[in-house]
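Presented below is the structure to which this report refers.
From a predicted model like this one, the values you see are computed outputs, not experimental measurements. Proteins come first, then strands; the chains are lettered A, B, ... in the order of their sequence lines, and each starts at number 1.
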2 protein chains.
Amino acid sequence: MNDLLGALKPLGLLEAVAAMQHPATLAELVASVGVPKPTVHRWLASLEAAGLLQRTPDGRRFELAPRASQLAFSILGNRPGGSTRHEILQRIVQEVGEACNLTVLDGTQVKYLDRVESNWPLRITFQQGSKVPAYCSASGKLFLALMQPAKRDLLLGQMPLERLTDNTVIDKSELLKELSNIRRDKYALDREEFMTGLVCLAVPIHQQKGRSRACVAALAIQAPVTRVSHTDIVSKLPILQRAAETIAATLTE
Amino acid sequence: MNDLLGALKPLGLLEAVAAMQHPATLAELVASVGVPKPTVHRWLASLEAAGLLQRTPDGRRFELAPRASQLAFSILGNRPGGSTRHEILQRIVQEVGEACNLTVLDGTQVKYLDRVESNWPLRITFQQGSKVPAYCSASGKLFLALMQPAKRDLLLGQMPLERLTDNTVIDKSELLKELSNIRRDKYALDREEFMTGLVCLAVPIHQQKGRSRACVAALAIQAPVTRVSHTDIVSKLPILQRAAETIAATLTE
DNA sequence: TATAGACGTTTCATATTTCGGAATTTTCTG
DNA sequence: CAGAAAATTCCGAAATATGAAACGTCTATA
């Protein structure tokens, strides 16, 4: 229940009170959050002093106070950009019928910020937050292709090129040629280079930075090669590019 | 700004982020809450670890994360704290004799936070927590009309306009014209655009956000067209507006 | 392409706060 | 009015927060 760190632990109490149907007593909350009684008491006092909770007229129970509502409306009126983007991913999955993900470059690896799975029984399950090497994934090659050459050289230098499948490109000059093509095409493919049977198409998401546009994230669809061939997947490009534009708009809003 | 005690101080940051219309940088937040830079940095890290905030894909700004939305819905769906609001809805139903509801915008859809039914045998039963598309509901059009233009364009871009009844507006320019009228009139009508036989009138609930007032929720009445015509329903406007003011007052305190 | 400046992050010695077992007071129950 | 249960207060040990300064890193301008 209480997975909050350090100073935010009292917030777990607010969540607990908000989750209850009736105003809660101290004893109920002690049972609910599993923290010693004096501590819960102190936390409740803090939340009350902050105006987030208030006591019921009888003085023995706690309920939400006006400031909690204010905060809630404030949060909902300022809808997280993350959920906006998540909705866009969902729409892509609806349209193309394959899994879709949003990634950023994290060192020499590609990190999944968000992901929506397809509805097919056969599907590749990556979990959000996991990472894959940049040199053998569509998103990763895209980042490498679009970054400043100096930075690219630096990263390639500290990135061991290991063979993960028969198709993995482990020759540096061959990889550089591929990156140059990607820069020209404005999209990248993973032709079973990371995992046999898995193909992927990625497009960049740009953000205005001063006078230049930098590629800060990538949008990609992944599919089993048995359902979508290396060449068929490129037909999804327009859908992906349009969605990328929409997501880019959420970055400046 | 920061009147929170001890362990809850980082919460002031959550409020600050929620109060901004753009994802905030560390420097902006330092200026906003008046706390030393390393401290803000640490608080942000806590909130991020807790899942209440997340970084934008470029890694330089902070925005609300899913857990913040969860918390907000949890707070607003909570009966004890919402009892005042619920009573206001009940009073409206008494006065106008038709169903009344309180909504927020959740992505491209309108979500029912609370609802009180009329006592007539013939009534439309929506349940609390359900959602309807924004472009063809009174509340939804109200939100679209009153939000920042950039945000509106973004949402309209990802919102497929489907014909649900003969009256549904599916032409984008026509919809924009309607939104402009709504902005002028300060109320919105649903003339059987979502469901044949159902008319609806919605007014905004504003919350002070920094220097400007944002529309964070909407209050609406719904009625069968056989009982209240498209034009008659506007006569309920004063009652609705007065109630909206009352609810808004609980948010400014 | 070089360079000044802004911004974000880390460090670390110090000071403050929190923690929770036990004692105490208040409230409920029969 | 006793006895039990719940809420509140105490307080020393332990953990944590604090913020000035230093350090990287990115950005804007020449």
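No engagement by A/R61 is indicated, since no non-hydrogen atom pair under 4.0 Å with the nucleic acid exists.
Within a 6.0 Å sphere centred on CD of A/Q158, other residues, nucleotides and ligands contribute more than 12 heavy atoms. In A/H22, the NE2 atom is not crowded: 12 or fewer heavy atoms of neighbouring residues, nucleotides or ligands sit closer than 6.0 Å. More than 12 heavy atoms of other shown residues, nucleotides or ligands fall within 6.0 angstrom of atom CD in B/Q90.
One can place CZ of B/R55 at 9 Å from C1' of C/dG8, the figure rounded to the nearest angstrom. Between A/K151 atom NZ and C/dT1 atom P the separation is 16 Å, expressed in whole Å. Atom CZ of A/F62 is separated from atom C1' of D/dT8 by 11 Å (rounded to the nearest Å). Between B/L26 atom CG and C/dG8 atom C1' the separation is 7 Å, expressed in whole Å. Atom pair A/L154:CG and D/dC26:P shows a separation of 10 Å (rounding to whole Å applied). With rounding to whole Å, A/L8 atom CG is found 13 Å from C/dT18 atom P. To the nearest angstrom, C1' of C/dC7 lies 13 Å from CG of B/D58. One interatomic measurement links the two molecules: CG of A/L29 to C1' of D/dA6, which rounds to 13 Å at whole-angstrom precision.
With hydrogens and angles disregarded, no donor-acceptor distance shorter than 3.5 Å links the side chain of A/T250 to the backbone of A/T246. When atom types are taken as modelled, the side chain of A/R163 and the backbone of A/I170 share no donor-acceptor pair closer than 3.5 angstrom. Judged purely by atom type and a 3.5 angstrom limit, A/S137 uses its side chain to pair as donor or acceptor with the backbone of A/P133.
The shortest distance between the side-chain N/O atoms of B/K9 and the OP1/OP2 oxygens of D/dT18 is below 4.0 Å. An OP1 or OP2 oxygen of D/dA7 is reached within less than 4.0 angstrom by no side-chain nitrogen or oxygen of A/H41. Of the side-chain N and O atoms in A/W43, one or more sit less than 4.0 angstrom from OP1 or OP2 of C/dC19.
Each of A/V93, A/I88, A/I92 was scored for a side chain to side chain contact (heavy atoms under 4.5 Å, CB included) with A/V116, with one residue passing: A/V93.
Partners of A/A99 by side chain to side chain contact (heavy atoms under 4.5 Å, CB included), not counting sequence neighbours, listed by chain and number: A/R115, A/E117. Remark: A/S130 engages A/Y112, A/F126, A/Q127 in a side chain to side chain contact (heavy atoms under 4.5 Å, CB included) (not counting sequence neighbours).
End-to-end axis angle of the helix from C/dT1-D/dA30 to C/dG30-D/dC1, using five pairs per end and rounding to 10°, comes to 60°.
Screening residues 129-144 of chain A for salt bridge (Lys or Arg N to Asp or Glu O under 4.0 Å), with sequence neighbours left out, gives A/D106-A/K131, A/K141-A/E178, A/K141-A/E193.
Here the shortest heavy-atom pairing between B/Q207 and B/L251 reads OE1-O, 4.1 Å. Closest approach of A/V17 and B/N78 over heavy atoms only: O-ND2, 3.2 Å.
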Can you give one letter per nucleotide of nucleotides 20-26 of chain C, 5' to 3': B if a protein heavy atom sits under 4.0 Å from the base, S if only from the sugar-phosphate, - if neither?
BBB----

N/O-N/O pairs, protein side and nucleotides 2-4 of chain C side, under 3.5 Å:
none

